[in-house]
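We count ligands from 1, going down the list as the structure has it; atoms in each ligand are counted the same way. Each residue takes its place number in the sequence, starting with 1. Note that this is a predicted model, so its numbers are computed, not measured.
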Amino acid sequence: MISDTDNPMVYSVIFLKSEIYKKMKTETRFDSFNFDKEIIEALEKKGFEFCSEIQEKSIPTIMQTNKDILGLAQTGTGKTAAFGLPLIQKIQTGNRVPKAIVLAPTRELAIQVCDEMQSYTGKKRLKLMPVYGGTPITNHIKDLKAGCDIVVGTPGRVMDLIKRGALKLAEIDYFVLDEADEMLNMGFIDDIETILASANDYKRVFLYSATMPEGIKKITKKYMGEHETIEIAKKKFNSELIKQVYYKLRYSEKFDALAKIIDVEDFFYGIVFCKTRNDVDEVAQFLRKMKYEADAIHGDIAQNKREKILQKFRDQKLHILVATDVAARGIDVSNLSHVVNFSIPQELETYVHRIGRTGRAGNSGTAITFIGPKEEWVVRKLERITNNSTIERGTLPTVADLAQSNSNRIEKEVEAIMSTGAHKKFQEMTTSLIAKYGPEGAVSALLHKMLHKEEVKNPAHERMERGNFGGGRDDRGSRGGRDSRDRDSRGRNDRFGGRDDRGSRGGRDSRDRFSRDGDRRDSRDRFGGRDDRRSRDGGGKPQLSGDDMRLFIAKGTHDGYKNREVVSYIEEKAGKIRSKDVKACGAFSFVTVSKSEGEKILKAFKNEKSSNGRAVIEQAQ
Ligand code: AMP
């Protein structure tokens, strides 16, 4: 049941959703549950007819039993309706304090979940409220005072509201943790535990997570009663339509490589995934400096700006989007031609989500992954988690490749022009040129004129020929003439099309600016207005006793260091230690030791510096 629409964008989103649902829908119809008329009407309006698997299993458990739920399901499987519909059915309207709370990792997700749930309420006058950081807390306090039935929020803002006494969970009947593993990844474990502990004992807990890390097991044991485990088999990864390629590069080499890859491709409509928002900014800045039309989204970019960027991207007016995983979660675009993993994801499982945005609906796609010089093992692991698919090692395009790609493109363009007959208006001029210079002479002179322009327009090509990276020459003023936008209509990348030719490329070698200085510069996380837990501040730190010291180690799972390796790495230099807590994350780790051992370690590593000049081991603040 797809509603009619004239808007092609809306149509394509609906089409993609229907693609997903073809795969995961069940035979169970929503009208087989005893939902109120208002809800059934709302679902009909949304075009929901058959349940997805997670809905088929969650809805009866919530409606007909008193059990908690541990739901293991990936994003996009219909979790919101799985818990949202029964909550909306069961909760009475007009509550003074909320009867249900849903925690979601980011403000995008909180808004998305709240809007989605609101859309199920139809004429039932339930008051749902999204609460998240980055907006004045006073508004939330005021709205909560006016009464509310269901709160959907990020852990940071929910904590703040509880602390201020504005949000009370004493009468909560339902506590939902959505994308729980993602919240843990973001370092929200302490907040979540505090929030859970501040609620009453009789609440039911519904925890949904794509993976089952230790932290989730702990929450399940500590805060959940008798529960039903609902596991939805992971969608089989189908690698047939996705070509997977990896490049082994140092961080500073990745920028130029990215430019070359975009240049050599016939069509590029893709997301470049980075680990931190600093990286996102650097990559987007670089691409823009190189005159690609690229934009960035991450948590530090204002909500309304982010929405505008996303809309531009969905409409394919913007062809390159640089994003963090978290910011990209709410993007409902999956018909990309390319996905670039500028850095490998913190959780390798995320690779599957990332690259699943390409190679859809019968179209082929390319997934490109940049790995560091010592990260070959990651490729093997990625192959395993993608059903033993093959990830080939790629070689970067050469000058000849770029020239060939230009030539192919021009041939295609000539073909397209000939098919429309648009060239006929130049008949007279053509006859006169041929009469004067002969056919070969006339065409090759015109090609020279055109290709010469193309070379200038192709920064990666130009840089290779000049053997530098940025140069300082501004060729753009002298060209004039053709409107570069004319190729847009044939689906070319904006990079070659609607770009702004005005600016100079600047004189500085861009490698200066794009050298690696890592995640650690990123110190504020404005998701929920909280500190970035992944920075050197102690990453979701446990309570330390006065005799403990927590250390930040600039090595992590991405460097091949799991907990045990982190300890061995320290012991190699500092001698045997008795670690009280070790946590290896992506690019860094935390270790808690006694103060005296901490001092010993810091002394032993005094002269050990990372490539960015910072100490490899520091005391976490
Ligand atoms: P979720 O996993 O809850 O974020 O849902 C992903 C998308 O699928 C949302 O846009 C929902 O509106 C849509 N959706 C969820 N359940 C169904 C269903 N049973 N039939 C059709 N669309 C659905």
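Checked for salt-bridge contact, K203 and D173 miss the test: no charged N lies under 4.0 Å from a carboxylate O. Remark: K46 engages E116 in a salt bridge, criterion side-chain N to carboxylate O under 4.0 Å.
Ligand 1 places these atoms under 4.0 Å from at least one heavy atom of G78: 1 (P), 2 (O), 3 (O), 5 (O), 15 (C).
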Let me check something: any side-chain donor-acceptor pairs from residues 135-143 under 3.5 Å, sequence neighbours excluded? List them with distances.
residue	atom	partner	partner atom	Å
T135	OG1	Y132	O	3.1
H140	ND1	R157	NH1	2.9

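An N or O contact shorter than 3.5 Å is missing between G47 and ligand 1 by distance.
For atom 16 (N) of ligand 1, the candidate residues are E56, Q55, K79, R29; the nearest heavy-atom contact is made by Q55. Nearest to atom 4 (O) of ligand 1 by heavy atom, out of T28, T80, I54, L109, is T80.
Contacts between F30 and ligand 1 below 4.0 angstrom, taking non-hydrogen atoms only, involve the side chain exclusively. Within the 4.0 Å heavy-atom criterion, neither part of E49 lies near ligand 1. Of all the heavy atoms of T77, the ones lying under 4.0 Å from any atom of ligand 1 belong exclusively to the backbone.
Evaluation of the salt bridge (charged side-chain N to carboxylate O under 4.0 Å, His left out) rule for K57 yields E53 as partners, not counting sequence neighbours.
Ring-centre distance between F267 and H319: below the 6.0 Å cut-off.
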Side chain to side chain donor-acceptor pair (under 3.5 Å) between Y202 and E171, worked out: CA-CA 9 Å; Y202 62 80; E171 291 175 34; over 6 Å; no

